[in-house]
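A short worksheet on the structure shown next.
Note on naming: letters A, B, ... go to the chains in the order of the sequence lines (proteins, then strands), and numbering restarts at 1 for each one.
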Protein chains: 2
Amino acid sequence: MAKGPEAAFREALRSNGLRVTPNRLRVFRVLARHSEPLTAPQLVGLLAGEGLNPATVYRMMPELTQAGIVHPVMVGHEHIGYELVSPYRPHHDHFVCEACGRTFDLAECGLEDAVVRLAERNGFRVTAHHAELHGLCPDCQRIGVGAEPPKV
Amino acid sequence: MAKGPEAAFREALRSNGLRVTPNRLRVFRVLARHSEPLTAPQLVGLLAGEGLNPATVYRMMPELTQAGIVHPVMVGHEHIGYELVSPYRPHHDHFVCEACGRTFDLAECGLEDAVVRLAERNGFRVTAHHAELHGLCPDCQRIGVGAEPPKV
DNA sequence: CTTTTTGCAAAGTTTTTGCACGCAG
DNA sequence: CTGCGTGCAAAAACTTTGCAAAAAG
(Lines give C-alpha, C1' and ligand atoms only; values in the text may rest on other atoms or scores of the structure.)
Protein backbone atom coordinates (compact mmCIF):
# COMPACT_ATOMS: atom_id res chain seq x y z
CA MET A 1 0.00 0.00 0.00
CA ALA A 2 1.11 3.50 -0.77
CA LYS A 3 2.30 5.80 1.93
CA GLY A 4 -0.25 8.46 2.88
CA PRO A 5 0.42 11.99 1.70
CA GLU A 6 0.72 13.18 5.25
CA ALA A 7 3.42 10.65 6.03
CA ALA A 8 5.32 11.83 2.99
CA PHE A 9 4.91 15.39 4.19
CA ARG A 10 6.37 14.53 7.59
CA GLU A 11 9.35 12.95 5.95
CA ALA A 12 9.84 15.89 3.64
CA LEU A 13 9.88 18.19 6.63
CA ARG A 14 12.42 16.13 8.48
CA SER A 15 14.68 15.62 5.51
CA ASN A 16 14.78 19.38 5.19
CA GLY A 17 15.67 19.94 8.79
CA LEU A 18 12.19 21.17 9.67
CA ARG A 19 10.36 19.79 12.67
CA VAL A 20 6.97 18.17 12.42
CA THR A 21 4.61 20.45 14.29
CA PRO A 22 0.84 20.62 14.58
CA ASN A 23 0.85 23.99 12.86
CA ARG A 24 2.71 22.69 9.86
CA LEU A 25 0.29 19.81 9.58
CA ARG A 26 -2.61 22.23 9.70
CA VAL A 27 -1.17 24.28 6.88
CA PHE A 28 -0.59 21.14 4.87
CA ARG A 29 -4.17 20.01 5.36
CA VAL A 30 -5.65 23.32 4.38
CA LEU A 31 -3.62 23.34 1.18
CA ALA A 32 -4.55 19.72 0.52
CA ARG A 33 -8.24 20.35 0.75
CA HIS A 34 -8.19 23.29 -1.67
CA SER A 35 -7.49 22.65 -5.33
CA GLU A 36 -6.79 26.29 -6.10
CA PRO A 37 -3.72 28.20 -4.94
CA LEU A 38 -4.18 30.09 -1.69
CA THR A 39 -2.68 33.50 -1.07
CA ALA A 40 -0.96 34.38 2.17
CA PRO A 41 -3.89 36.45 3.42
CA GLN A 42 -6.26 33.62 2.54
CA LEU A 43 -4.15 31.15 4.45
CA VAL A 44 -4.00 33.53 7.37
CA GLY A 45 -7.77 33.76 7.34
CA LEU A 46 -8.39 30.06 6.96
CA LEU A 47 -5.93 29.14 9.66
CA ALA A 48 -6.93 31.81 12.12
CA GLY A 49 -9.87 29.60 12.99
CA GLU A 50 -7.44 26.92 14.06
CA GLY A 51 -5.58 29.35 16.28
CA LEU A 52 -2.66 30.03 13.95
CA ASN A 53 -1.01 33.39 14.21
CA PRO A 54 -0.44 35.37 11.00
CA ALA A 55 3.24 35.65 11.75
CA THR A 56 3.46 31.89 11.87
CA VAL A 57 1.94 31.54 8.45
CA TYR A 58 4.20 34.20 6.99
CA ARG A 59 7.23 32.52 8.48
CA MET A 60 6.22 29.08 7.33
CA MET A 61 5.47 29.56 3.66
CA PRO A 62 9.01 30.43 2.58
CA GLU A 63 10.29 27.42 4.50
CA LEU A 64 7.85 25.08 2.80
CA THR A 65 8.72 26.63 -0.52
CA GLN A 66 12.41 26.22 0.09
CA ALA A 67 11.79 22.63 1.11
CA GLY A 68 10.07 21.99 -2.20
CA ILE A 69 6.76 21.12 -0.59
CA VAL A 70 4.76 24.02 -1.94
CA HIS A 71 5.39 26.54 -4.64
CA PRO A 72 4.08 30.01 -5.27
CA VAL A 73 2.24 30.72 -8.49
CA MET A 74 0.51 33.78 -9.88
CA VAL A 75 -3.20 34.00 -9.31
CA GLY A 76 -4.94 36.15 -11.90
CA HIS A 77 -2.77 39.13 -12.65
CA GLU A 78 -2.41 40.35 -9.13
CA HIS A 79 -1.57 37.88 -6.42
CA ILE A 80 0.69 35.05 -5.45
CA GLY A 81 -0.88 31.85 -4.22
CA TYR A 82 0.66 28.72 -2.75
CA GLU A 83 0.02 25.22 -4.02
CA LEU A 84 1.26 21.84 -2.93
CA VAL A 85 3.57 20.28 -5.49
CA SER A 86 4.12 16.72 -6.58
CA PRO A 87 3.82 14.18 -5.00
CA TYR A 88 1.21 15.84 -2.79
CA ARG A 89 -0.55 17.12 -5.86
CA PRO A 90 0.04 16.17 -9.50
CA HIS A 91 1.93 18.59 -11.69
CA HIS A 92 -0.25 20.93 -13.72
CA ASP A 93 -0.02 24.27 -15.43
CA HIS A 94 -2.45 27.15 -15.39
CA PHE A 95 -4.63 28.94 -17.86
CA VAL A 96 -5.77 32.48 -17.09
CA CYS A 97 -8.73 33.72 -19.08
CA GLU A 98 -8.22 37.30 -20.20
CA ALA A 99 -11.94 37.91 -20.39
CA CYS A 100 -13.35 36.53 -17.18
CA GLY A 101 -10.16 36.39 -15.15
CA ARG A 102 -10.66 32.85 -13.95
CA THR A 103 -7.75 30.49 -13.61
CA PHE A 104 -7.96 26.88 -14.76
CA ASP A 105 -5.72 23.89 -14.18
CA LEU A 106 -4.16 22.14 -17.14
CA ALA A 107 -3.13 18.57 -16.46
CA GLU A 108 -0.72 16.41 -18.42
CA CYS A 109 1.03 19.39 -19.82
CA GLY A 110 3.31 17.58 -22.24
CA LEU A 111 5.79 20.41 -22.03
CA GLU A 112 8.54 18.43 -20.32
CA ASP A 113 10.60 17.65 -23.38
CA ALA A 114 10.49 21.14 -24.77
CA VAL A 115 11.27 22.57 -21.33
CA VAL A 116 14.28 20.34 -20.83
CA ARG A 117 15.60 21.21 -24.27
CA LEU A 118 15.14 24.90 -23.60
CA ALA A 119 17.02 24.68 -20.34
CA GLU A 120 19.87 22.52 -21.53
CA ARG A 121 20.40 24.63 -24.60
CA ASN A 122 21.20 27.44 -22.16
CA GLY A 123 23.29 25.45 -19.72
CA PHE A 124 20.66 25.16 -17.01
CA ARG A 125 19.55 22.02 -15.22
CA VAL A 126 15.77 21.95 -14.73
CA THR A 127 14.06 20.28 -11.83
CA ALA A 128 10.61 21.76 -12.26
CA HIS A 129 8.61 24.10 -14.38
CA HIS A 130 5.36 25.93 -14.33
CA ALA A 131 3.67 27.48 -17.32
CA GLU A 132 1.00 30.12 -17.30
CA LEU A 133 -1.10 30.35 -20.44
CA HIS A 134 -3.29 33.29 -21.32
CA GLY A 135 -6.17 33.58 -23.70
CA LEU A 136 -9.86 32.80 -23.81
CA CYS A 137 -11.54 30.01 -21.93
CA PRO A 138 -14.26 27.97 -23.65
CA ASP A 139 -17.05 29.97 -22.01
CA CYS A 140 -15.66 33.32 -23.08
CA GLN A 141 -14.96 32.13 -26.62
CA ARG A 142 -18.63 31.28 -26.89
CA ILE A 143 -19.91 34.48 -25.37
CA GLY A 144 -17.57 36.67 -27.35
CA VAL A 145 -14.95 39.11 -26.22
CA GLY A 146 -16.25 42.02 -24.23
CA ALA A 147 -19.27 40.15 -22.98
CA GLU A 148 -20.03 40.02 -19.32
CA PRO A 149 -17.84 37.51 -17.56
CA PRO A 150 -19.76 34.47 -16.38
CA LYS A 151 -20.84 34.59 -12.76
CA VAL A 152 -18.10 32.72 -11.00
CA MET B 1 12.25 52.25 -41.21
CA ALA B 2 10.51 50.71 -38.25
CA LYS B 3 8.34 52.69 -35.91
CA GLY B 4 10.03 53.55 -32.62
CA PRO B 5 8.95 51.64 -29.55
CA GLU B 6 7.64 54.77 -27.94
CA ALA B 7 5.43 55.53 -30.89
CA ALA B 8 4.04 52.02 -30.69
CA PHE B 9 3.42 52.56 -27.01
CA ARG B 10 1.47 55.74 -27.68
CA GLU B 11 -0.69 53.93 -30.18
CA ALA B 12 -1.26 51.05 -27.83
CA LEU B 13 -2.44 53.46 -25.18
CA ARG B 14 -4.83 55.20 -27.51
CA SER B 15 -6.22 52.02 -28.99
CA ASN B 16 -7.03 50.96 -25.47
CA GLY B 17 -8.78 54.16 -24.61
CA LEU B 18 -5.92 55.40 -22.43
CA ARG B 19 -4.56 58.87 -22.85
CA VAL B 20 -0.92 59.56 -23.59
CA THR B 21 0.45 61.33 -20.55
CA PRO B 22 3.95 62.27 -19.43
CA ASN B 23 3.62 59.92 -16.45
CA ARG B 24 2.77 56.95 -18.63
CA LEU B 25 5.76 57.70 -20.82
CA ARG B 26 7.98 57.85 -17.76
CA VAL B 27 6.80 54.46 -16.59
CA PHE B 28 7.34 53.05 -20.04
CA ARG B 29 10.88 54.39 -20.19
CA VAL B 30 11.81 53.04 -16.79
CA LEU B 31 10.59 49.60 -17.77
CA ALA B 32 12.36 49.85 -21.09
CA ARG B 33 15.70 50.60 -19.57
CA HIS B 34 15.58 47.71 -17.13
CA SER B 35 15.84 44.20 -18.49
CA GLU B 36 14.58 42.60 -15.30
CA PRO B 37 10.99 42.77 -14.05
CA LEU B 38 10.31 45.61 -11.63
CA THR B 39 8.02 45.25 -8.64
CA ALA B 40 5.48 47.88 -7.71
CA PRO B 41 7.59 49.18 -4.81
CA GLN B 42 10.63 49.32 -7.07
CA LEU B 43 8.72 51.29 -9.66
CA VAL B 44 7.43 53.60 -6.98
CA GLY B 45 10.97 54.20 -5.83
CA LEU B 46 12.44 54.70 -9.27
CA LEU B 47 9.69 57.03 -10.35
CA ALA B 48 9.53 59.03 -7.16
CA GLY B 49 12.60 60.85 -8.42
CA GLU B 50 10.60 61.97 -11.41
CA GLY B 51 7.82 63.29 -9.24
CA LEU B 52 5.41 60.39 -9.64
CA ASN B 53 3.07 59.67 -6.77
CA PRO B 54 2.84 56.09 -5.52
CA ALA B 55 -0.89 56.08 -6.07
CA THR B 56 -0.34 56.92 -9.70
CA VAL B 57 1.95 53.95 -10.17
CA TYR B 58 -0.41 51.61 -8.39
CA ARG B 59 -3.29 52.82 -10.53
CA MET B 60 -1.35 52.59 -13.73
CA MET B 61 0.06 49.09 -13.65
CA PRO B 62 -3.24 47.23 -13.84
CA GLU B 63 -4.27 49.45 -16.74
CA LEU B 64 -1.09 48.74 -18.66
CA THR B 65 -1.51 45.06 -17.88
CA GLN B 66 -5.07 45.08 -19.09
CA ALA B 67 -3.97 46.89 -22.23
CA GLY B 68 -1.46 44.15 -22.92
CA ILE B 69 1.52 46.47 -22.71
CA VAL B 70 3.12 44.96 -19.64
CA HIS B 71 2.60 41.73 -17.80
CA PRO B 72 3.25 40.66 -14.26
CA VAL B 73 5.59 37.75 -13.61
CA MET B 74 6.96 36.15 -10.50
CA VAL B 75 10.32 37.38 -9.32
CA GLY B 76 12.19 34.83 -7.26
CA HIS B 77 9.71 33.06 -5.04
CA GLU B 78 8.27 36.09 -3.40
CA HIS B 79 7.30 39.03 -5.52
CA ILE B 80 5.48 40.10 -8.64
CA GLY B 81 7.37 42.22 -11.12
CA TYR B 82 6.22 43.97 -14.28
CA GLU B 83 7.84 43.57 -17.67
CA LEU B 84 7.12 45.07 -21.05
CA VAL B 85 5.80 42.51 -23.49
CA SER B 86 6.26 42.08 -27.20
CA PRO B 87 6.70 44.17 -29.31
CA TYR B 88 8.36 46.43 -26.75
CA ARG B 89 10.45 43.55 -25.57
CA PRO B 90 10.90 40.12 -27.19
CA HIS B 91 9.10 37.19 -25.65
CA HIS B 92 11.17 35.20 -23.20
CA ASP B 93 10.69 32.82 -20.31
CA HIS B 94 12.42 32.75 -16.96
CA PHE B 95 14.73 30.44 -15.11
CA VAL B 96 14.94 30.70 -11.35
CA CYS B 97 17.99 29.14 -9.73
CA GLU B 98 17.05 27.24 -6.59
CA ALA B 99 20.50 27.68 -5.14
CA CYS B 100 21.35 31.33 -5.64
CA GLY B 101 17.86 32.66 -6.22
CA ARG B 102 18.76 34.62 -9.31
CA THR B 103 16.37 34.84 -12.23
CA PHE B 104 17.58 34.51 -15.82
CA ASP B 105 15.91 35.23 -19.12
CA LEU B 106 15.47 32.42 -21.62
CA ALA B 107 15.04 33.61 -25.19
CA GLU B 108 13.64 31.68 -28.15
CA CYS B 109 11.69 29.40 -25.92
CA GLY B 110 10.46 27.00 -28.58
CA LEU B 111 7.49 26.12 -26.42
CA GLU B 112 4.86 27.63 -28.71
CA ASP B 113 3.77 24.43 -30.42
CA ALA B 114 3.52 22.42 -27.26
CA VAL B 115 1.69 25.26 -25.55
CA VAL B 116 -0.84 25.60 -28.32
CA ARG B 117 -1.46 21.86 -28.34
CA LEU B 118 -1.90 21.84 -24.58
CA ALA B 119 -4.41 24.65 -24.74
CA GLU B 120 -6.42 23.38 -27.69
CA ARG B 121 -6.61 19.91 -26.26
CA ASN B 122 -8.52 21.50 -23.39
CA GLY B 123 -10.69 23.85 -25.40
CA PHE B 124 -8.75 27.03 -24.65
CA ARG B 125 -7.49 29.59 -27.12
CA VAL B 126 -4.02 30.84 -26.21
CA THR B 127 -2.76 34.30 -26.95
CA ALA B 128 0.33 34.27 -24.77
CA HIS B 129 2.28 32.18 -22.36
CA HIS B 130 4.99 32.49 -19.82
CA ALA B 131 6.99 29.63 -18.39
CA GLU B 132 9.02 29.64 -15.23
CA LEU B 133 11.71 26.99 -15.00
CA HIS B 134 13.43 25.98 -11.80
CA GLY B 135 16.70 24.22 -11.20
CA LEU B 136 20.36 25.02 -11.07
CA CYS B 137 22.06 27.71 -13.06
CA PRO B 138 25.45 27.01 -14.62
CA ASP B 139 27.32 28.72 -11.79
CA CYS B 140 25.59 26.76 -9.06
CA GLN B 141 26.00 23.48 -10.90
CA ARG B 142 29.72 24.10 -10.86
CA ILE B 143 29.92 25.20 -7.26
CA GLY B 144 27.75 22.41 -6.01
CA VAL B 145 24.52 22.51 -4.07
CA GLY B 146 24.77 24.02 -0.66
CA ALA B 147 27.66 26.23 -1.59
CA GLU B 148 27.47 29.92 -0.99
CA PRO B 149 25.44 31.64 -3.65
CA PRO B 150 27.59 33.74 -5.95
CA LYS B 151 27.76 37.40 -5.02
CA VAL B 152 25.14 38.94 -7.19
C1' DC C 1 -15.81 71.36 -23.23
C1' DT C 2 -15.82 66.69 -21.41
C1' DT C 3 -13.60 62.99 -19.49
C1' DT C 4 -9.55 60.99 -17.85
C1' DT C 5 -5.55 61.38 -14.98
C1' DT C 6 -3.03 62.88 -11.05
C1' DG C 7 -1.49 64.52 -6.46
C1' DC C 8 -2.40 64.51 -1.80
C1' DA C 9 -3.48 62.77 2.45
C1' DA C 10 -5.75 59.55 5.16
C1' DA C 11 -7.19 54.93 5.90
C1' DG C 12 -6.71 50.09 5.34
C1' DT C 13 -4.14 45.84 4.62
C1' DT C 14 -0.45 43.06 4.52
C1' DT C 15 4.21 41.65 6.28
C1' DT C 16 8.01 41.85 9.26
C1' DT C 17 10.36 41.87 13.76
C1' DG C 18 11.90 41.24 18.63
C1' DC C 19 11.30 38.66 22.44
C1' DA C 20 9.94 35.19 25.82
C1' DC C 21 7.90 30.84 26.35
C1' DG C 22 6.93 26.01 25.03
C1' DC C 23 7.40 21.93 22.48
C1' DA C 24 9.94 18.52 19.19
C1' DG C 25 13.64 15.67 18.85
C1' DC D 1 18.43 19.23 27.54
C1' DT D 2 18.77 22.45 23.29
C1' DG D 3 17.34 24.85 19.96
C1' DC D 4 13.59 25.38 16.70
C1' DG D 5 8.89 27.07 16.42
C1' DT D 6 5.18 30.04 18.00
C1' DG D 7 2.28 33.68 19.92
C1' DC D 8 1.96 38.36 20.81
C1' DA D 9 2.22 43.07 20.07
C1' DA D 10 4.28 46.80 17.85
C1' DA D 11 6.30 48.60 13.80
C1' DA D 12 7.07 48.89 9.09
C1' DA D 13 5.83 48.45 4.47
C1' DC D 14 2.72 48.32 1.01
C1' DT D 15 -1.85 49.47 -1.31
C1' DT D 16 -6.19 51.52 -1.81
C1' DT D 17 -9.50 55.39 -1.68
C1' DG D 18 -11.99 59.91 -1.98
C1' DC D 19 -11.71 64.18 -3.62
C1' DA D 20 -10.49 68.42 -6.02
C1' DA D 21 -7.36 70.40 -9.32
C1' DA D 22 -4.95 69.81 -13.78
C1' DA D 23 -4.39 67.97 -18.24
C1' DA D 24 -5.58 65.34 -22.61
C1' DG D 25 -8.19 65.09 -26.72
Given 3.5 Å as the limit, does a donor-acceptor pair link the side chain of Arg89(A) with the main chain of Ser35(A), or not?
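Yes.
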Would you confirm whether Thr56(A), through its side chain, and Leu52(A), through its main-chain N or O, come within 3.5 Å as a donor-acceptor pair?
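Judged by distance alone, no pair lies under 3.5 Å.
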Would you indicate whether the side-chain heavy atoms of His71(A) and Tyr82(A) approach each other to under 4.5 Å?
no
Are Ile80(B) and Val75(B) packed together at the side-chain level, in the sense that at least one heavy-atom pair is separated by less than 4.5 angstrom?
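No, side chains not in contact.
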Just do the ring-ring contact (aromatic ring centres under 6.0 Å, His included) check on His134(A) and His94(A) with the steps written out, would you?
CA-CA 9 Å; His134(A) 289 259; His94(A) 289 110; over 10 Å; no
His91(A)-His130(A) side chain donor-acceptor pair, cut-off 3.5 Å:
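No donor-acceptor contact under 3.5 Å links the two side chains.
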Side chains of His77(B) and Gln66(A) only: does a donor on one sit below 3.5 Å from an acceptor on the other?
no
Measure from [atom1] on [X] to [atom2] on [N] and round the result to the nearest Å.
X        : N       : atom1 : atom2 : value
Ile80(B) : dC14(D) : CD1   : P     : 14 Å
Met61(B) : dC14(D) : CE    : P     : 16 Å
Leu13(B) : dT5(C)  : CG    : C1'   : 12 Å
Glu78(A) : dC14(D) : CD    : C1'   : 15 Å

Which sits closer to the 5' end of DNA chain D, Met60(A) or His79(A), going by the nucleotide each is nearest to?
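So the residue in question is Met60(A).
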Between dG7(C), dT5(C), dG18(C), spot the one nearest the side chain of Arg59(B), thanks.
dG7(C)
Does any residue of residues 66-75 of chain B have a heavy atom under 4.0 Å from DNA chain D, and if so, which ones, in number order?
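Within residues 66-75 of chain B, no residue comes under 4.0 Å of DNA chain D.
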Could you list all N or O pairs between the protein and nucleotides 9-13 of chain C that sit under 3.5 Å apart?
none

Looking at Arg19(B) and Arg24(B), what are the two nearest heavy atoms and their distance?
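That would be O-NH1, 2.7 Å.
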Considering only heavy atoms, which members of residues 14-28 of chain B lie under 4.0 Å from some atom of DNA chain C?
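By residue number: Leu18(B), Arg19(B), Thr21(B), Asn23(B), Arg24(B).
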Before accepting this row, confirm whether a basic side-chain N of the pair Arg125(A)/Glu120(A) lies closer than 4.0 Å to the acidic partner's carboxylate O.
no
